[in-house]
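Here is the structure we will look at.
FYI, side chains are in, hydrogens and waters are out, and symmetry mates aren't considered; it's all heavy atoms of this structure. To find a chain, count down the sequence lines: A is the first, B the second, and so on, and within it residues start at 1.
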Protein chains: 2
Amino acid sequence: MFTFDQLAGFIAVAEELHFGRAAERLNMTQPPLSRQIQKLEKAIGTELLERDNRKVQLTPAGGAFLEEAKRLMALAARAPVTARRIATGRSGVLRIGFTAASGFSILGPLLEEVAEIIPDVDVDLQELVTGEQIEGLLTGRLDLGLARPPFDRDTFDSHLLYREAMMLAVPEGHRLARLTRPVEDADFKDEPLIMHSPTKATYFYDLVVKLLPIQHANVVHTVSQVLTMVSLVAARRGVAFVPHSATLLGLKGVEFLPIAGMDTEQPVELHAIWNRKLENPALRRLLQDLEFRAE
Amino acid sequence: MFTFDQLAGFIAVAEELHFGRAAERLNMTQPPLSRQIQKLEKAIGTELLERDNRKVQLTPAGGAFLEEAKRLMALAARAPVTARRIATGRSGVLRIGFTAASGFSILGPLLEEVAEIIPDVDVDLQELVTGEQIEGLLTGRLDLGLARPPFDRDTFDSHLLYREAMMLAVPEGHRLARLTRPVEDADFKDEPLIMHSPTKATYFYDLVVKLLPIQHANVVHTVSQVLTMVSLVAARRGVAFVPHSATLLGLKGVEFLPIAGMDTEQPVELHAIWNRKLENPALRRLLQDLEFRAE
DNA sequence: AAACATGATGCCTTTCGGGTATTACTCGAT
DNA sequence: ATCGAGTAATACCCGAAAGGCATCATGTTT
């Protein structure tokens, strides 16, 4: 195998067509350069330069090899730069998970900030429910999640991005939609209810149960995604408690009503979460510049 | 700058994620391999591998650099092969010049042979008159010419490809076309004549003057290319002496008549010619396999 | 024919890379 | 808590390789 020094030597001689000048350019003397080229030719297995004792010229093989040699040197020069850029988080890939609902509220502005802070980093977006995001962050398939509590504070660090109110989603023209005041507990105590799954949407389930007097006998469906929930409301299957950002889904046939107390309280939280052992330099740089470390 | 050995070492460790096994794969011991990687990292300017004393894993920068390293090694492995292929004439470029007339006769079959003998060589075809071909062969812009004598036998080697008769081209329906015997000297002594240029088509000019009793007073045009000549005949400007291969041009409005004696004599020669100092290995191989050296 | 230019070769010194032996550290088992 | 196994890093030595200087061989110019 040849060496990079031999390639550099060959390129210099091929361009100067003169061993002495090429040696000067390489800050060395002519004899070792001659031997370098000889070794290179031996390694390649063919003559690259035709030298009669007066002049030097490229053989056809030498001409082709010159191209390859230049490509090699260029690649060799670029590779460390790329590596350093990635190590310092200025380049690379950032894999962000987000829930369907967060996609309609915070994701857009967040991506704008990301593009500003680390413009050369490719962002890989994946719509995932909170549980899948946690899993992804643990196994390293994901760098940053936009998810809801709870999560293990020892493994994950987080930053509260967003608080919002809970709303009551009702079918268009529903009797409650005619109210001019916020909905109160008594208003929905007899309504058929589309409820969050206690296993797959634990956060919403617990939140609703904690904050509102739910009649479990009224539950007609149990679903895990807010989008599904709103679709079922549109299909007049019942009413549902959804985060304010669900209003941004733009589905026809649904109205969203404020619930008494919720507008000030805004109990629904969305967090940016990440694995404490920051393995992706791009994420490290992003968090630094977003000043997310203080929490 | 790093070395190819360091790259190979890094690739092995990155793939095995274990210094000992990687060293084994490289037929060396573990300690120098460790130092190799350290030097590589120092040369790159960033950590490529994360090793706690229990396990080894790639950093993001290391992952990216692994790709580059593999590309470099692949390129480095291919370059000498390419160079050797070119040096042995099995790859590369062969630049062939040809005259318009030869393009209609011998060029096709010749290219078929070329494709058979050196299939991976790119053929670069250029339509040039004999003089331009000579020039190209001298300056190295051309490897092989299909041209007509004379040329300098000291500089050029050649091989007679083709002999052909001279024909008389006449406009369609011309009185001589009604003859049932070959045309004789007396038949065209009063015909308006389209003649070869004595400077740009020396070969044909000399040949015609030598073989036939030309009335120079009859010359109405002097042209350098056979195609032009035949076009002028079709335009009824006169008659012309052209090589038999001109019949292959397929122009309408022209008839080609045999000339007494010419059918046996076939005085028009087409040669393959090349510079004796064979600089293109592909040409050397072609000539060997075509057995053109004997002449 | 002599002087010059240029690439190759001989010889010496220094540098560098690999091998063996050993160390330092971590993890898992007892 | 201690010991042993596993693994990467370090110390030290030796031989190969690379570079520099002096010189040679050869072809060109005057």
Checklist line | Side-chain (B:R284) to main-chain (B:G89) donor-acceptor, under 3.5 angstrom | finding: no
Note to self: Between C1' on D:dA17 and CZ on A:F2, what's the gap in Å once rounded to a whole number?
What the structure shows: 18 Å
Margin query: Output the rounded distance in Å from CZ (B:F19) to P (D:dT10).
Written below: 11 Å
Margin query: For the backbone of A:V121 and the side chain of A:S91, can you confirm whether one donor and one acceptor N or O come within less than 3.5 Å of each other?
Written below: no
Notebook entry, point to check: Side chains of B:R148 and B:T202: is there a donor and an acceptor less than 3.5 Å apart?
Noted result: no
Item checked: Distance (rounded to the nearest 0.5 Å) between A:N280 CG and A:R95 CZ -> 6.5 Å
Note to self: Please check this pair: side chain of B:R51 against backbone of B:L17, looking for a donor-acceptor N/O pair closer than 3.5 Å.
What the structure shows: no
Next item on the list: For D:dA8, take OP1 and OP2 only and decide whether either is under 4.0 Å from a side-chain N or O of B:Q38.
Entry: no
Next item on the list: Indicate for each nucleotide in nucleotides 20-30 of chain D, in 5' to 3' sequence, whether protein heavy atoms under 4.0 Å reach the base (B), only the sugar-phosphate (S), or nothing (-).
Entry: BBB---SBS--
Check: Are B:S34 and B:Q30 linked by a side-chain donor-acceptor pair shorter than 3.5 Å?
Finding: yes
Check: Yes or no on ring-ring contact (aromatic ring centres under 6.0 Å, His included) for B:F151 and B:H271, after CA distance, side-chain angles and deciding distance?
Finding: CA-CA 10 Å; B:F151 36 77; B:H271 294 252; 5.6 Å; yes
Note to self: On DNA chain D, does the nearest nucleotide to A:T3 precede the nearest nucleotide to B:L17 from the 5' side, or the other way round? Give the residue.
What the structure shows: B:L17
Next item on the list: Rounded to the nearest 0.5 Å, what's the gap from CZ on A:F65 to CG on A:L40? Could you check?
Entry: 5.0 Å
Next item on the list: Shoot me the first and last contacting nucleotide of DNA chain C against chain B, ordered 5' to 3', at under 4.0 angstrom to non-hydrogen atoms.
Entry: C:dG17 to C:dC27
